[in-house]
Every structure is written in C-alpha cells, then in structure tokens.
Amino acid sequence: PGCEAMSPVLCARQIHTFINPETNLLAQIGVGARGAEDFDSLWSSIQAALSDINTKNASSISFEQLYRLCYKIVTQKLGEKLYDHVADFEQQWFATEILPKVQALVTTNLVKDERWEDKKVGNANERRMTGEKFLMGMSKVWEDSRLCMNMTTDVLMYMDRLAQANHQRPSIFNTTLGKFRDSVLRAPMEVAETKTSPLVILTSVILDMIRMEREGDVIDKTLVRGCVRLYEMLHDKDTEIDAEKLYLIILEPQFLADSRKFYNDECAKLLSNGDASIWLRETRRRLKEEEERCSTMLQGDLTQKKLQAV
C-alpha cells in the first residue's frame with residue numbers, strides 16, 4: 001500500500017520490509033526491471049525532493065517514491081556517489097540559503113570587543129532584547145535545519161546503513177551536521193570592520209545573557225538552553241569524538257573563564273568591606289544560584305563540578 005501520508009522514516013521502514021536483497025522481490029518495486037537507470041536523472045529527482053524538504057514543502061513529496069529512487073541507486077552500487085552528492089547539496093544549501101538568514105540577524109550592537117569591561121557598556125534591557133532577538137533567530141534556523149536533516153536521513157536510511165557498514169563513513173545526518181557547522185556557524189563575517197563568525201557571536205551572546213542573569217536581570221532561560229543544545233550536538237571535527245563536542249571545547253571553557261572573572265571581581269568587593277559573615281552568606285547564595293543555572297541552561301552536573309573549582 002502507498003505511504004505518502006506517513007512520516008519519511010515510517011514510509012522507509014514499510015518499504016524496506018519487502019525489499020530484501022537476498023530475494024527476488026526487487027522486481028515488485030521496479031528495481032532492476034529495466035536495467036541500470038542513469039544516475040543523473042535519478043539524482044535530479046532526488047535533489048528536487050530534497051529542496052522541497054528544505055523549504056518545508058514536503059507535502060508535495062511522495063516519500064515512497066523518493067525512497068525507491070534512492071534504493072535503486074544503491075542497488076546499482078552507486079551508494080557512495082549518492083552519499084557525496086547529498087553532502088555536497090546540503091553544503092551548498094547551507095551556504096546559499098541558510099547563511100544569509102543568519103547574517104541578517106547580526107547587528108553592529110552584537111559585534112563588540114570581547115573584553116569583559118565592554119560587556120558593561122549599554123543599557124542592560126537593550127542588550128537583553130538585542131541578544132534574545134538574535135538567539136530566537138538562531139534557534140529557529142537551527143531547529144528548522146535539524147528537522148530537515150532528520151527527514152533527509154530517514155529517506156536515505158538504506159544508503160546510510162550500507163555506507164556506515166561497508167565504507168565506515170559517518171551517518172549522513174552527522175555529515176550534514178558538519179556541513180552546517182562549517183558552512184553556517186564558522187562562516188567568516190566582517191561586521192563594523194570586525195572579523196567574526198556566527199559561532200563567535202552566538203557564544204558571546206549566550207555568555208552575556210548568563211552574565212546579565214547573574215547581575216539580577218530576567219532572561220529567557222529556555223531560549224538560552226535551546227541554543228546551548230546546538231553546542232552539545234555538534235563536534236569540532238567530523239571524527240565525532242565526545243571530548244570534541246563544541247560544548248566542551250568552546251562554550252564551557254569560556255563560561256568557566258567568565259565565571260572566574262565575575263567571582264574574582266565580586267569577591268574582591270566583598271572582602272574590601274572587611275565583613276567575613278557577608279562574604280560567607282553571599283558565597284552560599286551564589287553557589288546555590290550556579291547550581292540552578294547549570295541545571296536549567298547548561299549541561300547540568302558536568303559543568304557544575306568544574307564550576308565548583310572556580
């Protein structure tokens with residue numbers, strides 16, 4: 001039966017139940033019935049469908065047909081070629097369609113000197129509103145892209161499995177994550193004569209939000225947490241080593257450095273008053289605050305243990 005109304009992954013699984021490489025059931029879906037089809041013509045149809053997925057026009061797609069096209073290519077031993085074409089397509093899509101959306105979110109107010117003192121400049125409410133607008137835009141770009149990457153991966157399920165098993169390549173989902181990282185987050189930008197990148201700005205805004213919250217301002221913690229998850233999913237390289245997640249090598253070290261600077265300054269002020277009881281009371285209060293902050297906005301226990309050393 002048709003499965004156009006299903007999600008891509010359910011459709012793919014239903015079709016795969018009657019696609020068995022060890023039987024003659026291939027003829028039932030037309031694979032091999034007319035011989036090898038031209039790769040370019042098959043890829044042209046797949047590429048058009050991927051474009052529809054990325055533009056949220058998936059309602060016009062027959063996922064059953066799309067899965068079968070991908071399956072045909074794989075059975076012709078062209079799975080690696082398809083893998084590379086999909087990766088190149090996603091890289092081009094991120095660079096030409098997604099990056100401009102991110103660049104449009106960046107304002108000169110977001111691009112400041114990274115020194116601690118400059119973060120105190122400007123109205124706190126204005127900084128918060130500017131920062132949250134940027135985070136909301138980045139969160140939408142990330143969530144939309146991730147949804148499309150998931151749908152693409154579901155359609156390419158059979159190719160993906162063979163690529164990982166036979167050629168020891170990363171899943172197409174992780175490959176496209178890497179393309180998003182390099183083509184969007186790390187894309188070089190120059191704003192107000194300052195060389196930067198979306199990732200540098202995003203990290204700076206997240207840390208500024210945390211800093212404002214420490215100073216008593218009310219921020220959208222859920223929004224910050226959503227953007228932090230991006231760092232938890234992406235790796236510094238395509239090797240996908242857990243210790244090289246962007247959270248561990250970029251966000252957390254800068255968060256700890258900011259924390260150290262903030263509390264060194266606050267400690268100096270408290271000790272200058274010469275009242276040890278106030279210092280102890282404030283220390284207990286701050287430790288409790290940081291425990292809650294780590295659990296609601298960061299990676300919980302992992303960062304909290306490191307923060308205690310600060």
Is there a donor-acceptor contact under 3.5 Å from the side chain of Asp208 to the main chain of Ser204? no
Residue pairs meeting ring pair (Phe, Tyr, Trp, His ring centres under 6.0 Å), one or both in residues 179-217, sequence neighbours left out, come to Phe94-Phe180, Trp142-Phe180
Please assess Arg285 against Glu282 for the test salt bridge (charged side-chain N to carboxylate O under 4.0 Å, His left out), listing each intermediate value before the final yes or no. CA-CA 5 Å; Arg285 180 178 71 84; Glu282 285 299 301; 2.6 Å; yes
What residue among Asp238, Asp84, Thr175 forms side-chain hydrogen bond (donor to acceptor under 3.5 Å, both in side chains) with Arg169? Asp84
Side-chain contact, heavy-atom cut-off 4.5 Å: Leu230 with Leu185? yes
Surrounding CD of Glu190 (heavy atoms of other residues, nucleotides or ligands, distance under 6.0 Å), is the total greater than 12? yes
Got a second to check how far His85's NE2 is from Lys81's NZ, nearest 0.5 Å? 5.5 Å
Are the side chains of Lys221 and Arg225 in touch, meaning some heavy atoms are under 4.5 Å apart? no
Residue pair Arg68, Glu64: steps toward the salt bridge (charged side-chain N to carboxylate O under 4.0 Å, His left out) verdict: CA-CA 6 Å; Arg68 291 180 180 187; Glu64 181 179 7; 2.7 Å; yes
What do the steps show when you test Leu99 against Gln103 for side-chain contact (heavy atoms from CB on, under 4.5 Å), and what is the final call? CA-CA 6 Å; Leu99 179 58; Gln103 291 172 328; 3.8 Å; yes
Which class fits the ring pair Trp43 and Phe89: parallel under 30°, tilted 30 to 60°, perpendicular over 60°? perpendicular
If you take all heavy atoms of Pro100 and Ala95, which pair is closest and at what distance? CD-O, 3.7 Å
Could you state the interatomic distance from CD1 (Ile46) to CE (Met159), rounded to the nearest 0.5 Å? 9.5 Å
Report yes if the side chains of Met297 and Glu213 come closer than 4.5 Å at any heavy-atom pair, otherwise no. yes
Donor-acceptor contact below 3.5 Å, side chain Arg128 vs main chain Met209: no
d(Ser139 OG, Glu132 CD) to nearest 0.5 Å is 12.0 Å
Do Leu202 and Tyr231 have side chains that get closer than 4.5 Å, going by heavy atoms? yes
Hey, does Leu69 have a side-chain heavy atom less than 4.5 Å from the side chain of Ile73? no
On the ring face of Phe262, is Arg214 found with NZ or CZ under 6.0 Å from the centre and within 45° of the axis? yes
To the closest 0.5 Å, what do you measure between CG (Leu162) and CG (Leu82)? 11.0 Å
Test Lys72 against Tyr67 for side-chain contact (heavy atoms from CB on, under 4.5 Å), laying out the working first. CA-CA 9 Å; Lys72 287 182 182 181; Tyr67 182 87; over 6 Å; no
Per side chain to side chain contact (heavy atoms under 4.5 Å, CB included), Thr130 is matched among Lys133, Glu126, Arg127 by Glu126
Check this for me, if you would: do Asp265 and Lys261 make a salt bridge, where the nitrogen-to-carboxylate-oxygen distance has to be below 4.0 angstrom? yes
When clusters are formed by joining ILVMFWY residues with side-chain heavy atoms under 4.5 Å apart, either directly or through shared neighbours, do Leu135 and Ile210 land in the same one? yes
Does the pair Arg286/Glu289 count as a salt bridge with the N-to-O cut at 4.0 Å? yes
Could you tell me the separation between the CD atom of Glu240 and the CG atom of Asn174, rounded to the nearest 0.5 Å? 3.5 Å
Can Leu50 be reached from Leu177 by stepping across I, L, V, M, F, W or Y side chains whose heavy atoms are under 4.5 Å apart? yes
Judged by atom type as modelled, is there a donor-acceptor pair below 3.5 Å linking the side chain of Ser44 to the main-chain atoms of Asp40? no
Please evaluate residues Asn54 and Glu97 with respect to the criterion side-chain contact (heavy atoms from CB on, under 4.5 Å), reporting the C-alpha separation (whole Å), side-chain torsions for both, the decisive distance (0.1 Å), and the verdict. CA-CA 10 Å; Asn54 287 346; Glu97 301 294 332; over 6 Å; no
Going by side-chain contact (heavy atoms from CB on, under 4.5 Å), name the residues that satisfy it together with Ile249, two or more places apart in sequence or in a different chain. Asp236, Leu246
Apply side-chain contact (heavy atoms from CB on, under 4.5 Å) to the pair Met189 and Lys195, showing each step before the final yes or no. CA-CA 6 Å; Met189 297 176 59; Lys195 293 183 178 180; over 6 Å; no
Quick one: are Arg146 and Met233 in side-chain contact, heavy atoms under 4.5 Å? yes
Could you tell me whether a side-chain N or O of Asp160 sits under 3.5 Å from a main-chain N or O of Leu156, the two making a donor and an acceptor? no
Indicate yes or no: at least one non-hydrogen side-chain atom of Thr152 is less than 4.5 angstrom from one of Val155. no
Going by salt bridge (Lys or Arg N to Asp or Glu O under 4.0 Å), name the pairs with one or both residues in residues 45-62, residues two or more places apart or in two chains. Lys56-Asp144
So do Glu244 and Leu248 actually touch side chain to side chain, heavy atoms under 4.5 Å? no
Any chance you could measure Leu298, atom CG, to Glu290, atom CD, to the nearest 0.5 Å? 9.0 Å
